[in-house]
Amino acid sequence: MTALNPTFAKLGVRDEIVRALSEDGKEHTFAIQELTLPLALKGDDLIGQARTGMGKTLAFGVPLLQKISTDTERPLTGAPRALVVVPTRELCLQVSSDLAAAGKYLTVGDRKLSVVSIYGGRAYEPQIEALRAGADVVVGTPGRLLDLTQQGHLQIGGISVLVLDEADEMLDLGFLPDIERILRQIPETRQSMLFSATMPDPIITLARSFMNQPTHIRAESPQSSAVHTTTDQFAYRAHALDKVELVSRVLQARNRGATMIFTRTKRTAQKVADELAERGFKVGAVHGDLNQGAREKALKAFRTGEIDVLVATDVAARGIDIDDVTHVINYQIPEDEQAYVHRIGRTGRAGKTGVAITLVDWDELARWELIDKALGLGHPDPAETYSSSPHLYEELDIPKDATGTVGPAKTPKTAKRPPRDSAEKQSRPRTRSRRRTRGGKPVTGHPDTEKAAANGKPATNSDTDAETAADGDKPARRRRRRRPRKAAAAAAAN
DNA sequence: AAAAAAT
């Protein structure tokens, strides 16, 4: 698929960038990159849309680097020429790291082209110092960008290329005022590029109001699903009290690599992470109640394979790119169809296979129906499933002897009581018909054939196993918030 | 109604 696309070199990308990408094994373009490059180099405003994990960062990153590094009329001076705005701090780190990697052989005078990340939750001084030393490309989150602008440490009056990554999120109500403030300080003659997998029509209209005749580029036809055809999607009805037990069994699936579990609230994310740790899983958490150091530490441990389960709020739903994520579990259903698309887009990236499992509680059913309908998933009323359901084991390739606990049970100091064992009391092992979809269309083939197909290309993370063995299985540190007894009990029932 | 994002 991608091998049929032209190489970066063939499209006229300068040798320094080609060489850097090539060292990362990136020779050929993805569709969105091929389509974007000529227009972006011409200076056109763009709205770029491609499915999750299909190369959007380099679709704006390569032309951005090429453009500012070859502009003889406005050579780089160390004053920022390109600004990339992103919705989360972790995505800020990832994007700036990707741009720095692609630009590592580019030079400005006798120094290297500089990509600086500007985001909250960290000390000011290193960021201010990095700006002072000369920043050609700035990647940042809105709050800290504005902060440093107001303090006079960041000059964005010379920006000629502006990118909004996850643009629909950046233009959503929570971010819009900040984005407008940033736009006011950037020259009107700038080039603007907006990218996301999801671009609701009202957002496109809003975007056009501050862009200059943008071209809307879609790497896929507008009719095609926003979700990868390589990701198998399952939905089950599950009682809240049974979800941790259910998840711990799903985590023992034979075909499972790294797994991301999404919740709707920070508190539930922490609770699930704590309970899975007690059950012996190598798990970390990322959500807004953790300090930035803890967030980055957990994500790094997940990237390196030191832990293979990450529980997160939607802070990690967008953009985060981790190679070997084979399973995404929606522990609580997402807010809307965009969030669903982005969450499950953490797996099945770049043509790999993935499994997405959504657990639908009774009181989530109405909202799930809306998401199911909007995306045409085809299972508005998922069959009820218990953690010990034999059919579940078969469908998700879980060994028969899988239980709710692995290894020696961890008993962190936060544990006040043994893990709940609700499954045995509540389960009635009875199976009902359930549907599955692949790429939005119901799949009707024989289950065994289906599974064989899914397993034909096993998603393995063996390439990272070796380097992770050394560090042992120390789970990422996490804390539990103190709550009065009554509140804690209510939360446990939640 | 929640999460994110400045302190």
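In this text, all values refer to a predicted model and were calculated from it rather than measured experimentally.
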Any side-chain N or O of [X] below 4.0 angstrom from OP1/OP2 of [N]?
X: A:Thr141; N: B:dA4; result: no
X: A:Arg295; N: B:dA5; result: yes
X: A:Arg89; N: B:dA4; result: no
X: A:Thr313; N: B:dA4; result: yes

Touch class at under 4.0 angstrom, heavy-atom based, for A:Gly288 against every strand present: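 Sugar-phosphate only.
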Touch class at under 4.0 angstrom, heavy-atom based, for A:Phe262 against every strand present: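 Counting heavy atoms under 4.0 Å across all strands, no contact is made by A:Phe262.
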Cation-pi check, A:Arg184 onto A:Phe210 ring (under 6.0 Å, within 45° of axis):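 Judged by the rule, A:Arg184 and A:Phe210 form no cation-pi pair.
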For [X] and [N], give me the distance from atom [atom1] to atom [atom2], rounded to whole Å.
X: A:Glu180; N: B:dA5; atom1: CD; atom2: P; answer: 20 Å
X: A:Gln127; N: B:dT7; atom1: CD; atom2: P; answer: 9 Å
X: A:Leu370; N: B:dA1; atom1: CG; atom2: P; answer: 17 Å
X: A:Asp363; N: B:dA1; atom1: CG; atom2: P; answer: 15 Å
X: A:Asp336; N: B:dA3; atom1: CG; atom2: C1'; answer: 12 Å
X: A:His287; N: B:dA4; atom1: NE2; atom2: P; answer: 9 Å
X: A:Tyr124; N: B:dA6; atom1: OH; atom2: P; answer: 9 Å
X: A:Ile128; N: B:dT7; atom1: CD1; atom2: C1'; answer: 13 Å

Strand contacts (DNA chain B) in residues 162-172 of chain A, 4.0 angstrom heavy-atom criterion: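 Those residues: none at all.
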DNA chain B contacts made by residues 144-159 of chain A, counting heavy atoms under 4.0 Å: A:Arg144, A:Asp147, A:Gln150
Side-chain touch A:Val355/A:Thr347, heavy atoms, less than 4.5 angstrom: no
Side-chain H-bond candidate by donor/acceptor type, A:Gln252 with A:Arg249, under 3.5 Å: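 Looking only at side-chain atoms, A:Arg249 and A:Gln252 do not form any donor-acceptor pair under 3.5 Å.
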Pair A:Thr141, A:Arg89: side-chain N/O donor-acceptor within cut-off below 3.5 Å: no
For the student: nearest non-hydrogen atoms of A:Gln332 and A:Arg264, plus distance: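 Heavy-atom minimum between the residues: OE1-N, 2.6 Å.
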Contact summary for A:Leu76 and A:Ser69, nearest pair of heavy atoms: CD1-CA, 4.3 Å
A:Asp308 and its salt bridge (charged side-chain N to carboxylate O under 4.0 Å, His left out) partner, picked from A:Arg256, A:Arg303, A:Lys282: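 It is A:Arg256, the one option of A:Arg256, A:Arg303, A:Lys282 that forms the salt bridge (charged side-chain N to carboxylate O under 4.0 Å, His left out) with A:Asp308.
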Option from A:Asp363, A:Asp361, A:Asp381 for which salt bridge (charged side-chain N to carboxylate O under 4.0 Å, His left out) with A:Arg237 holds: A:Asp381
Sequence-distant partners of A:Phe302, ring-ring contact (aromatic ring centres under 6.0 Å, His included), two or more places apart: none
